[in-house]
Amino acid sequence: MQNDSLQAVVVGAGTMGTTLAKLMAVHGVRVTVVDTNPQVLGASRLSVEENATAVCFTTDLQLAETPDFVIESVTENVAIKREVVAQIEAGVADTTIIMTNTSGIPIDDIGSAMRLPQRFLGTHFFNPADIVPTVEVVPGSHTEATVVQKACSWLTRLGKRPAVLNTCVPGFVANRIQHAVMRECLSLLEKGVVEVEALDDIVQYSIGVRMALNGPLYQRDLNGLDTHLNIARYLYPDLDARQEPASLLEEYVAQGRLGAKAGRGFYHWNDESRAQHQARERESLQRIIEIATQHASGDEP
Ligand SMILES: NC(=O)c1ccc[n+]([C@@H]2O[C@H](COP(=O)([O-])OP(=O)(O)OC[C@H]3O[C@@H](n4cnc5c(N)ncnc54)[C@H](O)[C@@H]3O)[C@@H](O)[C@H]2O)c1
């Protein structure tokens, strides 16, 4: 991998910052990880494990060298991100490209106060960032085309599949789709149509396994667009179209049912079951990605 000359900084050493650091280290990029919380930095260093020698960890955003790019991956809060981006911009050269790993906050909302917003863009990685191939590349209204090209070329060198959006919309593509699916799932639970386990089973072993091989549009082509239209005509009036989050979700969060990290979400969890699942998931994801890539390479129309 020809990344000897590349130098990067990741700001935020949480779930995503840590797997971003692993990704860089594995590909020979010299990377510095910055977080205001020393405990989080310590945990991140442990998790990066065998690659840790190639990674520098610090609480100080005053950067000693000039990185090629900085990825902001701090808490999903527009005010915090704006402040962090302003700090990054104050400390780097005008040539450094600044990226945000926001899950879907509009790029202009984060970058509009920047001195040079033309070198700022969204690069939305998926968890774990060192394994999942796609990165949504999201230009803001000021981002220069050459900046988008450069970011895509670096992402490709990191083994990623950059997918560039034409226009920035809230939630980008992946989270809009994920939330549309979850809105309907929660609505079905609220109406008592199906239980949690059965819903997961139906989605995972039907459209789930199919989508690992074919994107939704490719899959619909194979199914027939006329059939899709016939179903859409009678189904859409019955689908959930609420403008607010489901009350079931509000209730769970208010009760502290935050998911695996809290011991309870839709299911019951403990530290052991969570750790076991996460360890198996990394390995299984790699196998699924391998199968999907092989399938696609023999399947060009
Ligand atoms: N977790 C996911 O599945 C996922 C997936 C894709 C994108 N993202 C996005 O990635 C970003 C980070 O998410 P995460 O899940 O890693 O969050 P996290 O809460 O695990 O980590 C965020 C880190 O940012 C640090 N931080 C906060 N303010 C800071 C500052 N001023 N300077 C330096 N560090 C600061 C916190 O100490 C924390 O360690 C968010 O924008 C999130 O939406 C998350």
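Order of listing sets the numbers, starting from 1, for every ligand and every atom in it. Every value quoted in this text rests on a predicted model; they were computed, and no experiment measured them.
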| request: With a 4.0 angstrom cut-off on heavy atoms, strictly below it, pick out the residues next to ligand 1 and order them by chain and number. | output: V11, G12, G14, T15, M16, D35, T36, N37, V40, S73, V74, T75, E76, I80, K81, V84, N101, T102, S103, H124, F125, N127
| said: Which residue in the set T18, D35, T19 passes side chain to side chain donor-acceptor pair (under 3.5 Å) when paired with S44? | reply: T18
| Looking at T15, N101, T100, which hits side chain to side chain donor-acceptor pair (under 3.5 Å) with S73? | N101
| task | Please work out which of the three classes, parallel, tilted or perpendicular, describes the rings of F126 and H124, given edges at 30° and 60°. | result | tilted
| field | Salt-bridge present (R119, E144; N to O < 4.0 Å) | value | no
| Side-chain ion pair, K150 and D68, N-O less than 4.0 Å | no
| Steps toward salt bridge (charged side-chain N to carboxylate O under 4.0 Å, His left out) verdict (D109, R82) | CA-CA 8 Å; D109 288 2; R82 268 195 206 134; 5.5 Å; no
